Amino acid sequence: MHLTNAEEKALAGERGEALEIAYRVLVAIGKLGNAEKLIPIEWAHVSGVSYLTIGEYGLDFLKKISNSKGAKFKVFTTVNPCGMDIENWKSLDIPEDYAKKQLEIIASYNKLGIANSFTCVPFESYKVPRKGTSVAWAESSAAVFANSILGLRTNRESAVSALACALTRKTVYSDLQISSNRKPSRNIRVGVKKHGDFSGSLNFGILGFFAGKQIPGVIGFQGLKPRLSLAEAKSLSAAIGTLGSSGMFVLNSKEKVETIEFTDREYEETISGLSQTEEGEAVIFGCPQMTLEELSDLSVAVRGRHFKKKCIVFCSSMMYEKAKKKGYASVIEAAGGTIVRDACADFTPLISSLKVGSVVTDSAKGAHYMRKVHGVDISLKDTKTIIEENTA
Ligand code: F3S
């Protein structure tokens, strides 16, 4: 891989340990992907923020990087949700020892210079660059959305590679950074009959979960409506990113490649693999974190009603503040919903601390991870049904 003189010097450790490590990571990835060079980026999005995902090893690594002389992020850098509500963790019964570690992680990122985002929906909170811009986003749901809906170019960066990209303002010129790689490798033809016109975020979550498992490369869809709502596109992207390695989809693909059918049978098999129970003991919304539009819709749906069981809603602080100003937050809270800010819905001790054996959610990605991480049974249903069944 070709490196400039400046890159060679940084790789040799002449510009500090953090940059040396960062370039070593990028060069190793570049060699694996036969990349010819590194290219500049305009935005890095870093994952690996919850202590539940990175643990002690990750925390030590972050401390080492952030304490290295002169280490700073060189490009606009947002971060994924962490594992707790940063302001209200005490009242939400987050264990003190977990919170201490989580705050150390946040302090390390702050030292490196992050935007105060704590969101997996960064495209809602900040101005999105023009189409074709190269970025380096680690959160798989956001990366799939960036490539497929926003027209940005990002590889599915890992927590470590995105950190390296943020430190260097560069990424590896490979995979989805290259135009010729951004074409469907296989198509999925949607021929589901039982679910009406095939709309809503649950249906797209089921489709995405199936597609992500089947196709590791760019996914072409056929037989879908021409435009998806923000909630549908977000749910599809998140579910694609849950399993497998696909980083992009193309709606209404014309590519002449092998086609996989997605019929009622595949739909039922996918949902029954994700949903083990008819009812959940608690309601969880917000994987990915809820957008302002979703908070608005939720407030309309629960106005004048009351949740019959614990309901937790995840969103970023930025969206919470906006929802508060518009009056959505107070309606959801009056209905008994607890709005948790800046946390991931799945990689948080909050789910285990509910001490329930099952939850009901509208997210395919959330269904997969909450079962995997917390061992709870899942009831996977659409948002409207969840509200009808769980409020009075
Ligand atoms: Fe976001 Fe966590 Fe789900 S990062 S997409 S809420 S797993």
Side-chain angles (χ1 to χ4, degrees), residues 44-54 58 78-86 92 94 102 105-106 109 114 117-125 137-149 154 156-159 162 201-202 204-206 208-209 212 230-244 246-247 274 282-292 294-295 298 311-320 338-352 359 361-374 376 378 380 383:
H45 181 79
V46 172
S47 65
V49 187
S50 169
Y51 181 65
L52 217 56
T53 47
I54 70 169
T78 45
V79 284
N80 238 17
C82 66
M84 63 185 196
D85 188 316
I86 302 166
L92 290 163
I94 296 291
Q102 185 60 79
I105 293 173
I106 293 167
Y109 278 122
I114 49 163
S117 56
F118 300 103
T119 181
C120 45
V121 196
F123 44 86
E124 199 197 15
S125 304
W137 285 12
E139 164 57 37
S140 60
S141 63
V144 174
F145 191 96
N147 281 316
S148 319
I149 303 292
T154 179
R156 259 183 66 171
E157 304 285 357
S158 68
S201 58
L202 175 68
F204 279 92
I206 303 296
F209 196 83
L230 172 61
E232 289 166 343
K234 181 167 82 89
S235 176
L236 178 64
S237 303
I240 286 174
T242 307
L243 296 177
S246 176
L274 285 165
V283 177
I284 308 292
F285 290 129
C287 171
Q289 287 175 326
M290 281 198 146
T291 61
L292 191 61
E294 287 172 308
L295 289 165
L298 183 61
C311 168
I312 306 184
V313 177
F314 291 85
C315 67
S316 67
S317 278
M318 277 172 98
M319 283 318 121
Y320 178 76
T338 303
I339 305 182
V340 173
R341 294 168 253 171
D342 298 330
C344 166
D346 310 334
F347 293 94
T348 170
L350 205 52
I351 304 298
S352 294
V359 299
T361 186
D362 54 359
S363 163
K365 179 172 183 175
H368 172 79
Y369 280 121
M370 278 189 272
R371 179 148 182 85
K372 196 169 167 206
V373 178
H374 303 286
V376 287
I378 304 290
L380 182 57
T383 322

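Just follow the structure's listing: the first ligand is 1, and inside any ligand the first atom is 1. Keep in mind that the numbers below use all heavy atoms, side chains included, and drop hydrogens, waters and symmetry copies. Residues: numbered from 1 along the sequence shown. Keep in mind the model is a prediction, meaning the values are calculated, not measured.
- Regarding atom 1 (Fe) of ligand 1, its nearest protein heavy-atom neighbour is Cys120 SG, 2.4 Å.
- Numbered from 1 in the order shown, with element, the atoms of ligand 1 that lie under 4.0 Å from a heavy atom of Lys365 read 5 (S), 7 (S).
- Here the side chain of Glu139 pairs no donor or acceptor atom with the backbone of Ser47 at under 3.5 angstrom.
- Among the backbone and side-chain atoms of Cys287, an N, O or S atom lies under 2.8 Å from atom 3 (Fe) of ligand 1.
- Thr119 and Gln289 share a donor-acceptor pair across their side chains, judged by distance under 3.5 Å alone.
- Each of Ser140, Ser237, Ser235, Cys120 was evaluated against Lys365; a single residue qualifies, Ser140, per the side chain to side chain contact (heavy atoms under 4.5 Å, CB included) test.
- Close contacts between ligand 1 and Pro288 involve ligand atoms 1 (Fe), 5 (S) [criterion: under 4.0 Å to a heavy atom].
- Shortest contact from atom 6 (S) of ligand 1 to any protein heavy atom: Ala345 N, 3.5 Å.
- In terms of protein heavy-atom proximity, atom 2 (Fe) of ligand 1 is closest to Cys344 SG, 2.3 Å.
- Thr291 and Glu294 are linked by a side-chain donor-acceptor pair at a separation below 3.5 angstrom, with hydrogens and angles left out of the test.
- Regarding atom 7 (S) of ligand 1, its nearest protein heavy-atom neighbour is Asp346 OD2, 3.1 Å.
- At least one donor-acceptor pair closer than 3.5 Å links the side chain of Thr348 to the backbone N or O of Gly83.
- One N or O on the side chain of Asn147 and one on the backbone of Gly247 form a donor-acceptor pair closer than 3.5 Å.
- For ligand 1, the atoms closer than 4.0 angstrom to any heavy atom of Glu139 are 4 (S), 5 (S).
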